[in-house]
Asks: 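Mind having a look at this structure? Questions to follow.
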Amino acid sequence: MHYYSEELKEEVRSANDIVDVISGYVRLQKKGSSYVGLCPFHNEKTGSFYVSQNKQLYHCFGCGAGGDVFGFLMEYENFTFREAMQQLADRAGISLPQQELSEQEKRESDYRSVLLEVNREAGKYYYLLLRSERGAHALEYFRGRELSDSTMKKFGLGYADKYRDDLYRYLKSKGYGDQLLKDAGLIIIDEKRGVHDKFWNRAMFPILNVHHKIIGFGGRVMGEGEPKYLNSPETQIFDKSRNLYGLNLAKQSRRPQMLLCEGYMDVIALHQAGFDNAVASLGTAFTSGHASLLKRYAKEVYLTFDSDAAGIKAALRAIPILKEAGLTAKVINMKPYKDPDEFIKAMGADAYQQRIDEAENSFLFEIRILEQNYNMNDPQSKTAFYNEAARKLLEFEEALERNNYIEAVALKYQIGYENLRRLVAQVSSQTGLVKKPEPLKSGTHKKDISKEDGMKKSQKLLLTWLSEEPALYPLIREYITPEDFSDEICAHAAAALFEQLESGNLNLAQIPGHFEDLEDQRQIVSAFHETIQEVKTRAQRSQALKDTIIKLKEHHLQILRENHDPNGMQERFSQMLQEKKMLEALRGKEFLTQMPEKESM
């Protein structure tokens, strides 16, 4: 929960125009009363991402993302509400009072701040040690990897001394306690060996989050020793599955895609060569959390993993995760070299750019690797390969996309398009691998679902209409109440909207904030963004609005009829009579004869 007063939240919100803020992340163009751009939350070619200056809300008609200016930063930057509040307050020059924090939140926030502070101190110490006499051999190692001084500075590279308690003694002298240092992942408390540093005699790579804060470290051993690379353990501020090495720099790149590597040195070598869009996972397998993070900053991800068996296996594991997140994946061929670092040193940046330009479609890469398991000179093995390829082609649920890939595979492996298409159809009929539409639940009919969806659409339509033309509210308030909205989200939106309209203080951007859950906020915003069919004359608009209100009233009356709960039966019967009278009055009179002209938004 967040405990800022509504007045303070509104002060910060009103000081940060949503169009100005989102324009810093998304290229927006004016279109009618809104601003439109490509949605940053899903892959699309035609802009369906709308930002309304009047409503101070954003909404994507493609993926459903939506919210106010706070919600955008929370979704795009992975901020907590408090972090979004702080950034927008800083942007507007507004001071936030610390006493707004609950005691528990204040403790947690303070502790996170101290963890970041002690990591920063450790990072500074490692940095200075590398450039001292004690760090000479680590500096020689980095220079042997052909890193320039400016690159080492850019990535904050450092050195952990050969003494096992060197950092511990230094940080203790700064007043930091054992428990804090343990919680930060910087020391290990061992019954046999006592307290000792997590990292010693290692070349150090500080790991920064997207906000440029040190959250952990990676260390490469100097000389012999295992493990060769060692990473910080997970802590309150370091989640390996939600952070990527180098993303704090790569997110500012102007290149159209992200380069996903396996190691720190690959990222650093690529950045030094001018490829400032390189990132790497942090000593762990690529996860959906990583994919979600990448999706905020790019639509395409090029895998530039090691060319050995382990690298190929890692690529095959990452590809479906990227696809599931809605990202386009391609694979860069590093051969005859092992990794990007070796490739750049041997061939240079121009040759690497050529490999990017020639990157292989990820599905065709999967098929090519699959082929290596079969003897293509043996008819039986070759047939088995074609059958397995057909199974993989069935992963494409959309027929047009599946046929395009059938054509590409048939061309590459000289099987003939019609032959492969028939084989895919045959495998599909045998295995049922193509996903069929979900069966309807027992007792539920398509007609009922369609009717229910139509009613929700009508409820959202009325809310959108009122949000865009508040002058209509005095004409309908005697007929409609929040109780007429059967959808829970729409009912809440109606109650909040009607309250604002009654007070004459319309502020739609406040309403999503009534919910903590981001998905609920999206649904609320969606309720104010139903597509209104354009009608030209006042009479047509009057009739359309009247029809919508009657539809809601009829549905509410039907719900009352179907309620068989004996409790409150008399009250419900009285309510039904009132609803019937109101419906008769609506149908029998010229409704909304004072319908105002539509205001230009």
Side-chain angles (χ1 to χ4, degrees), residues 9-10 13-14 16-79 81 84 88 292 295-296 299 326 453-454 456-470 485 487-497 500-501 506-534 548 599-601:
K9 284 190 279 187
E10 186 52 39
R13 183 190 287 112
S14 61
N16 288 276
D17 181 80
I18 194 167
V19 174
D20 291 342
V21 173
I22 293 181
S23 291
Y25 297 88
V26 180
R27 186 169 173 268
L28 298 174
Q29 291 182 315
K30 190 85 163 66
K31 184 178 180 181
S33 62
S34 296
Y35 291 80
V36 185
L38 294 175
C39 180
F41 305 118
H42 83 288
N43 192 18
E44 64 175 8
K45 294 181 180 178
T46 304
S48 59
F49 182 78
Y50 282 68
V51 184
S52 170
Q53 206 153 35
N54 293 324
K55 298 178 183 179
Q56 286 295 299
L57 295 171
Y58 71 93
H59 177 68
C60 176
F61 288 91
C63 69
D68 62 1
V69 68
F70 296 117
F72 179 82
L73 286 184
M74 290 167 70
E75 195 161 7
Y76 191 96
E77 295 280 14
N78 196 30
F79 280 169
F81 176 83
L88 292 171
S292 298
K295 192 178 178 183
R296 297 192 178 100
K299 296 179 177 65
D453 289 346
K456 184 175 180 179
K457 184 180 175 74
S458 295
Q459 293 174 34
K460 291 168 69 175
L461 182 66
L462 184 58
L463 291 170
T464 302
W465 214 331
L466 289 172
S467 72
E468 295 184 358
E469 298 185 60
F485 294 79
D487 179 79
E488 185 179 350
I489 289 289
C490 289
H492 183 95
L497 177 63
Q500 290 184 356
L501 290 169
L506 183 62
N507 188 344
L508 291 177
Q510 278 187 342
I511 298 176
H514 294 184
F515 290 91
E516 290 287 330
D517 184 72
L518 201 58
E519 184 55 35
D520 286 341
Q521 291 182 18
R522 284 182 168 199
Q523 294 296 325
I524 282 284
V525 172
S526 173
F528 295 122
H529 285 84
E530 187 58 54
T531 302
I532 298 176
Q533 188 174 354
E534 191 63 40
T548 302
E599 299 175 16
S600 57
M601 293 292 286

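These numbers come from a predicted model, not from an experiment.
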Asks: Working to the nearest 0.5 angstrom, can you tell me the gap between S526 OG and L57 CG?
Replies: 11.5 Å

Asks: Look at the side chain of S23 and the backbone N and O of V19, then say whether any donor-acceptor pair between them is shorter than 3.5 Å.
Replies: yes

Asks: With rounding to the nearest 0.5 angstrom, report the CZ to OG1 distance, F61 to T46.
Replies: 14.5 Å

Asks: Restricting to non-hydrogen atoms, name the atom on L28 and the atom on G37 that form the minimum distance, rounded to 0.1 Å.
Replies: CD2-N, 3.9 Å

Asks: Go through the steps to decide whether Y50 and K31 satisfy the test side-chain contact (heavy atoms from CB on, under 4.5 Å), and finish with yes or no.
Replies: CA-CA 9 Å; Y50 282 68; K31 184 178 180 181; 3.5 Å; yes

Asks: Could you report the tightest heavy-atom contact between G62 and S48, atom names first, then the distance?
Replies: N-OG, 3.5 Å

Asks: Going through the checks in order, is the side-chain contact (heavy atoms from CB on, under 4.5 Å) test met by F81 and K9?
Replies: CA-CA 11 Å; F81 176 83; K9 284 190 279 187; 3.5 Å; yes

Asks: Evaluate E530 against L463 for side-chain contact (heavy atoms from CB on, under 4.5 Å), listing each step before the verdict.
Replies: CA-CA 8 Å; E530 187 58 54; L463 291 170; over 6 Å; no

Asks: Checking the side chain of Q459 only, and the main-chain atoms of D487 only, is there a donor and an acceptor separated by less than 3.5 Å?
Replies: yes

Asks: With a 4.5 Å limit on heavy-atom distance, are the side chains of T464 and K55 in contact?
Replies: yes

Asks: Just verifying a value: how many Å separate L88 CG and R13 CZ, rounded to the nearest 0.5 Å?
Replies: 10.0 Å

Asks: Does some side-chain heavy atom of V26 sit less than 4.5 Å from a side-chain heavy atom of L38?
Replies: no

Asks: For the residue pair Q500 and I511, establish whether any side-chain heavy-atom pair is separated by less than 4.5 Å.
Replies: yes

Asks: How are the rings of Y58 and F72 set to each other: parallel, tilted or perpendicular (split at 30° and 60°)?
Replies: perpendicular

Asks: Which distance, rounded to the nearest 0.5 Å, do you find between the CG of N54 and the CD of E468?
Replies: 8.5 Å

Asks: Keeping T548 on the side-chain end and L462 on the backbone end, is there a donor-acceptor pair under 3.5 Å?
Replies: no

Asks: Rounded to the nearest 0.5 Å, what separation is found between the CD1 atom of I524 and the CD1 atom of I489?
Replies: 5.0 Å

Asks: Could you report the tightest heavy-atom contact between Q521 and G71, atom names first, then the distance?
Replies: OE1-CA, 4.4 Å

Asks: Could you tell me if the side chain of Q56 sits less than 4.5 Å from the side chain of D17, heavy atoms only?
Replies: yes

Asks: Of all heavy-atom pairs between A84 and M74, which one has the smallest distance, and what is that distance?
Replies: CB-CG, 4.0 Å

Asks: Measuring from atom SG of C39 to atom CZ of F49, what distance do you get when rounded to the nearest 0.5 angstrom?
Replies: 6.0 Å

Asks: For a quick test of reading the model, state the closest non-hydrogen atom pair linking L506 to P470 and the distance between them.
Replies: CD2-CG, 4.0 Å

Asks: Around atom CD of Q29, are there more than 12 heavy atoms from other residues, nucleotides or ligands closer than 6.0 Å?
Replies: no

Asks: Are the side chain of K460 and the backbone N or O of H529 linked by a donor-acceptor pair below 3.5 Å?
Replies: no

